[in-house]
Number of protein chains: 2
Amino acid sequence: MRDQLQPEESKRDSNGYLPGLAIDTVIFGFHQNQLKILLLEYHNTGLMALPGGFILANENLNDAARRVLWERTGLSDIYLEQFYVFGDLARFDPTPMRAIMTAKGFTPPDNHWLLDRFISVGYYALVDFTKAVPIPDSLSDSCGWYDLAKLPPLMQDHQQIVQKALDTLRTDLDRKLIGFNLLSETFTMADLQRLYETILDQKLHRSGFQRKMLSLGILERLDKQYSGGAHKAPFLYRFISNAK
Amino acid sequence: MRDQLQPEESKRDSNGYLPGLAIDTVIFGFHQNQLKILLLEYHNTGLMALPGGFILANENLNDAARRVLWERTGLSDIYLEQFYVFGDLARFDPTPMRAIMTAKGFTPPDNHWLLDRFISVGYYALVDFTKAVPIPDSLSDSCGWYDLAKLPPLMQDHQQIVQKALDTLRTDLDRKLIGFNLLSETFTMADLQRLYETILDQKLHRSGFQRKMLSLGILERLDKQYSGGAHKAPFLYRFISNAK
DNA sequence: TTATTATTGTATCAATTTGTTACAATAATA
DNA sequence: TATTATTGTAACAAATTGATACAATAATAA
């Protein structure tokens, strides 16, 4: 079962979950030279939100994040990282959540646990866009990819969470060599360069980029050649995590 | 008042504080070419711990961390940063806390909130060693500086928290130019180099280090000269945060 | 079949940065 | 006044990065 928060459960108190603590995930994908993130759309509210969830009382925090990720994408072996904890009082506004629940035909009491202050642990994930199968949760009617460059208005402070995730991704890109997680198993050097250019939002010099990537010793060149364009066929590469 | 957790309060339930959530701080100082951290020592238990605390229901998370810092060091304008959330089930072990409370003459019931699972937000702080005045909290009888290189055994997973904080400090040192927070207002280039060498645990070339630091444009050279050694007097420098 | 085209892989050289050595300047001590 | 250890910076080498050039080539068009 990929969806833990059933409508019936939303009427219970927080039993089973740690109270006051949540997880929000910024799930990045890359498609057609665009960075995308997964968003949920709530019925009849016009509110869009990051996939989130709660932590079971007997569950490791990081496992909870993986569970949320799996529930929304069907993917289980994914690059996932904490990046910040959002704990300002200002982010606590019960109005959107009440609207969501009301739209689902449930009128919560004012002291319902979902309307309390939440502190949220932010995670970002990098997934292979072609492998993820977005699935909505019980409170939303859709779950899909949106261009990071033109996001719709988001619930609460989710826009800031996305911005902070993007900042972290940018600074981690070179330090941790994680970009490959956004590509499919094999890719061309041009694919990789377009990914870097999109994430960093700047043009990179082709020659220097190739030289740097190859010098890192983390790419395996496959003899296979890609074919498709009216020009010289590029090599395909595969990421090798020999460091581990 | 610099100490929020009075003995009487420890008998109450978590009212006033967010349940299940804590803050642990790794407070770095630098003295005599050694990195130090602040540790609390609990009476009659042989247990040492990082300064920690809880979040008030109407308090921003980051403000709570500043409050803890102020309560333990008397310092209020300090470099402070989140670095990780520790949320594994394995870290949850009520034995040490029960020992601490028992040693204080209080026998908690098994369901006391302080014996429940906690998820802890880790912060690290950089302070001017000469300005901090360590003050114990109500459950500990001492609070003092310990060499990072030879720490005593620590409570629960605090050793891992320290290690993660140190890792973060090392990677942040060049990216965020934060080392100055560990020095006094003015310092010599040699002071700065010794600090870097200690944090990074490696020798740096004097000439290159000076050239790099000066090229960053974040140091103001003071005409004053330091005097003390039987040799040429070095310039003093001050950090200028012109970037803001 | 052959020329055209856009792209690829890599070489080359310049510009910049970093690593290393050297040395004059100098503040306290002998 | 000479000695000493350290400082500030210059000078040069090595390495890295930036920019340009060009042959190789896979599909398309002539």
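Per chain, numbering begins at 1; letters A, B, ... match sequence-line order.
- The distance from atom CZ of A:F209 to atom P of D:dT16 is 18 Å, rounded to the nearest whole Å.
- Atom pair A:L204:CG and D:dA19:C1' shows a separation of 14 Å (rounding to whole Å applied).
- One atom, NZ of A:K203, and another, P of D:dG18, lie 15 Å apart when rounded to the nearest Å.
- In this pair, B:Y124 and B:Y79 present their aromatic rings tilted. The plane angle is within the 30 to 60° band.
- The A:R211 side chain lies nearest to D:dT17 when the options are C:dT7, D:dT6, D:dT17.
- Map A:A230 and A:R206 each onto its nearest nucleotide of DNA chain D; the residue landing nearer the 5' end is A:R206.
- Nucleotide C:dA30 is matched to D:dT1 when pairs are restricted to Watson-Crick or G-U wobble geometry with both distances under 3.5 angstrom.
- Nearest nucleotide to the A:R221 side chain, out of C:dT18, D:dG8, C:dT10: C:dT10.
- Looking at heavy atoms from C-beta onward, B:V127 lies out of side-chain contact with B:L38 at the 4.5 angstrom threshold.
- Judged by the 6.0 Å and 45° rule, B:R221 forms a cation-pi pair with B:F235.
- When rounded to the nearest whole Å, the span between NE2 of A:H205 and P of C:dG9 equals 19 Å.
- A:L216 places its CG atom 12 Å from the P atom of D:dT16, with the value rounded to the nearest Å.
- Relative to the side chain of A:M189, the nucleotides D:dA5, D:dA26, C:dG9 differ in distance, and C:dG9 lies closest.
- Among the protein residues, A:T188 comes within range of no part of the nucleic acid, since none of its heavy atoms lies under 4.0 Å from any strand.
- The shortest distance between the side-chain N/O atoms of B:Q210 and the OP1/OP2 oxygens of D:dT9 is below 4.0 Å.
- The aromatic ring centres of A:F118 and A:F54 sit less than 6.0 Å apart.
- Each of D:dT9, C:dT8, C:dA11 was ranked by its minimum atom distance to the side chain of A:S207; first place goes to C:dA11.
- Across all strands shown, C:dT8 is found opposite D:dA23 as a Watson-Crick or G-U wobble partner, with both distances under 3.5 Å.
- Taking the six-membered ring where tryptophan is involved, the planes of B:F129 and B:W145 are tilted, since the angle between them lies from 30° to 60°.
- Atom P of nucleotide C:dT18 and atom CG of B:L214 are separated by 14 Å, given to the nearest angstrom.
- Rounded to whole Å, the distance from NE2 on B:H231 to P on C:dA24 is 20 Å.
- For D:dT7, the base has a donor-acceptor partner in the side chain of B:K232 [N/O atoms by modelled type, under 3.5 angstrom].
- Between the NZ atom of A:K212 and the C1' atom of C:dT17 there is a distance of 13 Å, given to the nearest Å.
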